[in-house]
Structure formats: structure tokens, C-alpha cells
There are 2 protein chains.
Amino acid sequence: MGFAETFKALSDPVRREILLLLRKGRLSAGEIGSHFDMTGATISYHLGILKKADLVFETREKNFIYYELNTSVVEEVMLWLSQLRGE
Amino acid sequence: MGFAETFKALSDPVRREILLLLRKGRLSAGEIGSHFDMTGATISYHLGILKKADLVFETREKNFIYYELNTSVVEEVMLWLSQLRGE
DNA sequence: AATCTATTTAGAAGATCTTCAAAATACCTG
DNA sequence: CAGGTATTTTGAAGATCTTCTAAATAGATT
């Protein structure tokens, strides 16, 4: 955990798009990759950063690795931000 | 504007600390710098990034440049994040 | 005008980030 | 076990980030 890693993870447009894709439910790494014009290696790199930031978690099933949103960290970030508005 | 710039700005611990300092009210660049063990040039660099992300705005007065929080962008970020939680 | 104070800009060094191609791993299926 | 599919890891290139020192700018004061 740590806000540096979380905000850094959120700072990349590809990673934000991945998070938006995952709103509808879990997706495999390949399904995620098919939405982008990048190699699977690069997608894997981005997923690793999202995972390290705890913004997603993975579940392995058969030959696939599924990724899923972790909304609890999103809550934490919003809590941090909220201290910046009102007191 | 743009979430990339905003999240990138938020990803650095020094810049987050600066934003927290500004909760209590505006501060000059020098006053901000006095809270950190870094050169004024580095603080100026960080302030520039916060400014470009619209997280702060400056007002010049006498010899000083005062920095102030811009909470409206914080709201926008929270709005973006909120689409990640609920449906 | 000369100088002092506050702050920024420029340039450079070293660290970190993003991307790819190629190789490695993991698991499934025949 | 051999081969196939899904994904990650490695290593490298080029871009961007953070920090400093030194120099430049802006405004106030003498």
C-alpha cells in the first residue's frame, strides 16, 4: 500500500482505461489486452503495477489469469482526497 | 487539465505534503520550502507541476508568490474515482 | 541606479517509467 | 510426455522525472 504507488498507478491512461474496463466484471489478461494496441508483455507490465498498487487482484483459473477491481483502495484514495476539500 | 497530469502530480510525496500544508491557507513559495530539506529550485519545480495540474493557483503580491489550493480539481478527481466504486 | 530578497529557469546527472522482442513459465490437452 | 495457449519475465532503448548548482528574472528598498 502507499499513496505514491496508487496515484502513480492511476497516472497512466492505459491503466485507467483498464480499471474502467474492469467495472463490468473480471477479465483475463488476454481480454484486457485485446482492447489495446500493445503487446501482451506491456499489458502484463501495467497489470503488475495495478496489482502492486492493490487496485486490482487476480484469480487464476484454468489457463487464465483473471483480473478484478479492488474498490477498497479506491475508497482510501477518495478519503485522502477528501481531506483536501473541506476540513 | 487532464487526469494524467493530476494523478501524476499527486503521485509525489513532496507534492502531496505541499497540498496538505495549503489546507490551512495560502503560503508563499519560501514558506512552503521551509518545510522541506530541498533547494528552492526543487520546490519551485514541484509547485510548477501542481500548478500545471491545476491543483494550486498562485497570486503575486509584493515580492512574494503565494500558492493556494484549488479544490475544484480535487472534486473532479473524486468524481472520476467514484465511477470505479458504485456502478 | 545599485543592491537585496524571493523565486524561477536552464542545464546536467542519475533514477524511474514505458515499450518492445525474445525467452521463460504455467497450465491444459491430446 | 509433447505440443499448444495464456501470461509473465528479462533485457534493452528511449522517454520522463527528480534533484542539484548556477544563472536569470522580478520586484522592493536604499
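Naming: A, B, ... by sequence-line order, numbering from 1 per chain.
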B:Leu27 atom CG is separated from C:dA6 atom P, nearest whole Å, by 15 Å
Between B:Met38 and A:Glu58, which residue's closest nucleotide on DNA chain D lies nearer the 5′ terminus?
A:Glu58
Ignoring hydrogens and angles, write down the donor-acceptor pairs under 3.5 Å from the side chains of residues 11-22 of chain A, residues two or more places apart or on other chains.
unit_1: A:Ser11; atom_1: OG; unit_2: A:Lys8; atom_2: O; d: 2.7
unit_1: A:Asp12; atom_1: OD1; unit_2: A:Val14; atom_2: N; d: 2.8
unit_1: A:Asp12; atom_1: OD1; unit_2: A:Arg15; atom_2: N; d: 3.3
unit_1: A:Arg15; atom_1: NE; unit_2: A:Ala9; atom_2: O; d: 2.8
unit_1: A:Arg15; atom_1: NH1; unit_2: A:His46; atom_2: ND1; d: 3.1
unit_1: A:Arg15; atom_1: NH2; unit_2: A:Lys8; atom_2: O; d: 3.0
unit_1: A:Arg16; atom_1: NH1; unit_2: A:Leu10; atom_2: O; d: 2.8
unit_1: A:Arg16; atom_1: NH1; unit_2: A:Ser11; atom_2: O; d: 3.3

Ignoring hydrogens and angles, tell me if any N or O in the side chain of B:Ser28 forms a donor-acceptor pair with the backbone of B:Glu31 under 3.5 Å.
yes
Nucleic acid contacts of residues 13-21 of chain A, taken as heavy-atom distances under 4.0 Å to DNA chain C
A:Arg15
For residues 59-73 of chain B, which residue pairs qualify under salt bridge (charged side-chain N to carboxylate O under 4.0 Å, His left out), counting only residues two or more places apart or in two chains?
B:Arg26-B:Glu61, B:Glu58-B:Arg60
Identify the 5'-most and 3'-most nucleotides of DNA chain D with at least one atom closer than 4.0 Å to a non-hydrogen atom of chain B.
D:dC17 to D:dA28
For residues 36-43 of chain A, run the donor-acceptor check on the side chains, cut-off 3.5 Å, and write out each pair with its distance to 0.1 Å, sequence neighbours left out.
unit_1: A:Thr39; atom_1: OG1; unit_2: A:Thr42; atom_2: N; d: 3.2
unit_1: A:Thr39; atom_1: OG1; unit_2: A:Thr42; atom_2: OG1; d: 3.1

Which heavy-atom pair separates B:Ala29 from B:Leu47 by the least distance, and what is that distance?
CB-CD1, 3.9 Å
Show which residues join A:Ile49 in its hydrophobic cluster (side-chain heavy-atom contacts under 4.5 Å, direct or indirect), or state none.
A:Tyr45
Which residues share a side chain to side chain contact (heavy atoms under 4.5 Å, CB included) with A:Glu75, sequence neighbours left out:
B:Arg85
Contact list for DNA chain C against residues 40-49 of chain B - heavy-atom distance below 4.0 Å:
B:Gly40, B:Ala41, B:Ser44
Among residues at least two apart in sequence or on other chains, which ones pass side chain to side chain contact (heavy atoms under 4.5 Å, CB included) with B:Ser72?
B:Asn70
So B:Phe36, base contact, sugar-phosphate only, or nothing? Heavy-atom distance under 4.0 Å.
nothing
Mind telling me whether B:Trp80 and B:Phe7 have parallel, tilted or perpendicular rings, with 30° and 60° as the class edges?
perpendicular
side-chain contact (heavy atoms from CB on, under 4.5 Å), that's the test. Do A:Thr71 and B:Leu84 meet it? Break it down for me.
CA-CA 7 Å; A:Thr71 53; B:Leu84 246 39; 5.8 Å; no
Please write out the pairs of protein N or O atoms and N or O atoms of nucleotides 25-30 of chain C separated by less than 3.5 Å, giving the distance to one decimal.
unit_1: C:dC27; atom_1: O3'; unit_2: A:Lys62; atom_2: O; d: 3.3
unit_1: C:dC27; atom_1: O2; unit_2: A:Asn63; atom_2: OD1; d: 3.2

